[in-house]
2 protein chains.
Amino acid sequence: MEKTSTVAAKGRPREFCVDNALAAALGVFWSKGYEGASMSDLTEAMGITKPSLYAAFGNKEALFHKALDLYENEKLEYTREALKQPTARAVAEHFMRGAIDAQMSSCDPKGCLGVISATACGAEAASIKADVIQRRASSQAALVERFEQAKRDGDLPDHVDISGLTSYLYAILQGMAVQAGSGATRAELERVVETSLMMWPGR
Amino acid sequence: MEKTSTVAAKGRPREFCVDNALAAALGVFWSKGYEGASMSDLTEAMGITKPSLYAAFGNKEALFHKALDLYENEKLEYTREALKQPTARAVAEHFMRGAIDAQMSSCDPKGCLGVISATACGAEAASIKADVIQRRASSQAALVERFEQAKRDGDLPDHVDISGLTSYLYAILQGMAVQAGSGATRAELERVVETSLMMWPGR
DNA sequence: TAGAATATGTACCGGACGTTATGGAAAAGA
DNA sequence: TCTTTTCCATAACGTCCGGTACATATTCTA
């Protein structure tokens, strides 16, 4: 007796687009952080009232998790693209240049939502922080796997510490996010990338 | 008619040690961030009441700036020590190993107060963020100067982008702080440092 | 056309926040 | 001892927080 996703809704239809509202909420969380974003900030940016928000998304925390899903799917697509690059070096370069585009987009807040949410330290953000850290771990695991493949390909020297190299690359990405959030220019971040690539093994 | 800092205070002497209280406040800010630290958190950790806190430190923001002074003087001493190292590589290594000690001390909160405060995004933290960013800029300028000296010493190749190299090293340090605050182990951070040193030019 | 079901806007809840007024206790100088 | 100064403690202030009743409005089903 599963309800096939019928087109005809029962009651009064909502007057706002859930996807648009969620995108607006993501923008608020991204620029103000989880705790820094008040319900008033959110409802104002989303163009809805609080009861509508609670009816559609549950509560503030659930809204954040959904915004984080959207962030991963839309803004972090470059990370999945990066893993498909042919060499370890190209993977790293794609990661870093993609991070610049994502963190310095003129129409999005600066910095990385993951870094912002993981360094937010309030008590109420504990579950938020845990979610972000877990997502990062699985993303990092994928990169480890990619680098191990690179080593099998003879693309990375045998003596390389894969886990260390992965954490190292992530550290650069996170540091770039910190700097992007602190007012760094795109040119400055590009010089960080150039410097990193200068040091990267091979070529 | 300047009042020489007389030893004899007029009225009733305060019953708590200002330095100890400030150190306790630093611990709270460090682990909870500026906005995450409530006045109740602070007064409880400092062992004083709110009126005492306001009388001695002004308000929450002034207390934070003084805690930040203490943090720079005590916990970031290794950065000034690092600049005295003989080679650019030794400077970088001292920075990174010092960062591990500072960010992973067993008796201090994990991570870096500067990174935490710069990524805190609430509206009330704007002045806090500006202060932290400004301090970081002057610290970074000192490292640029040190690397320029290294270039003059023939210690860094001429083609190196000093500013890029500095931002790159800071990015690694900031990324390590993010990871330290996210539950990374000391061993993991040490592998980041080893990887970074593996790639560092020279030796 | 009645009724069920859902969305909306207003107005409000208890609680935590940073900050301060008040009142009394304690220690210094006279 | 008296005055002055500064301290400590309680309790309250006004404001904002996340979250919610309530009544009204709009759609579908029957």
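If you're wondering where the values come from, they're calculated on a predicted model, not measured in any experiment. In the text below, chain A, chain B and the rest are named by the order of the sequence lines, each starting its count at 1.
Counting only heavy atoms from C-beta on, Pro13(B) has its side chain closest to dA27(C) among dG18(D), dA27(C), dT29(D). Comparing dG18(D), dC8(D), dG18(C) by their closest approach to the side chain of Lys60(B) singles out dG18(C).
Summary of the strand contacts: Met39(A) and Pro51(A) both lie near DNA chain D, and taking for each the nucleotide with the nearest heavy atom, the more 5' one is attributed to Met39(A).
Taking atom CZ on Phe16(A) and atom P on dT26(D), their separation rounds to 17 Å, with Å as the unit. Between the P atom of dC8(D) and the CG atom of Leu53(B) lies a distance of 11 Å, rounded to the nearest Å. A straight line from CE of Met46(B) to P of dA9(D) spans 14 Å, rounded to a whole angstrom. To the nearest angstrom, C1' of dA26(C) lies 8 Å from CD of Glu15(B). A straight line from CD1 of Ile128(B) to C1' of dG18(C) spans 14 Å, rounded to a whole angstrom. If you take CG of Leu63(B) and C1' of dT19(C), they are 14 Å apart, rounded to a whole angstrom. Phe64(B) has its CZ atom 14 Å from the P atom of dG18(C), to the nearest Å. One atom, CD of Glu124(A), and another, C1' of dC17(D), lie 9 Å apart when rounded to the nearest Å.
Checking the phosphate oxygens (OP1, OP2) of dC17(D), a side-chain nitrogen or oxygen of Ser38(A) falls inside 4.0 Å. Residue Thr49(A) places at least one side-chain N or O under 4.0 Å from the OP1 or OP2 atom of dG9(C). A close approach under 4.0 Å does occur between a side-chain nitrogen or oxygen of Arg14(A) and OP1 or OP2 of dA7(C).
A side-chain N or O of Gln149(B) and one of Arg152(B) form a donor-acceptor pair less than 3.5 Å apart. Side chains of Arg136(A) and Ser182(B): a donor-acceptor N/O pair is present below 3.5 angstrom, by distance only. No donor-acceptor contact under 3.5 angstrom links the side chains of Gln179(B) and Glu188(B), judged on distance only.
Side-chain N/O atoms of Arg12(B) and base N/O atoms of dA28(C) include no donor-acceptor pair closer than 3.5 Å. Judged by atom type and distance alone, Lys50(A) reaches the base of dG19(D) through a side-chain donor-acceptor pair under 3.5 Å.
Ion pair Lys32(A)/Glu35(A) not flagged as a salt bridge, since none of the NZ, NE, NH1 or NH2 atoms sits closer than 4.0 Å to an Asp/Glu carboxylate oxygen.
Nucleic acid contact for Ala37(A): sugar-phosphate only, since backbone atoms but no base atoms lie under 4.0 Å from a heavy atom of the residue.
Panel note: side chain Asp161(A), backbone Ser163(A); a donor-acceptor pair is recorded below 3.5 Å.
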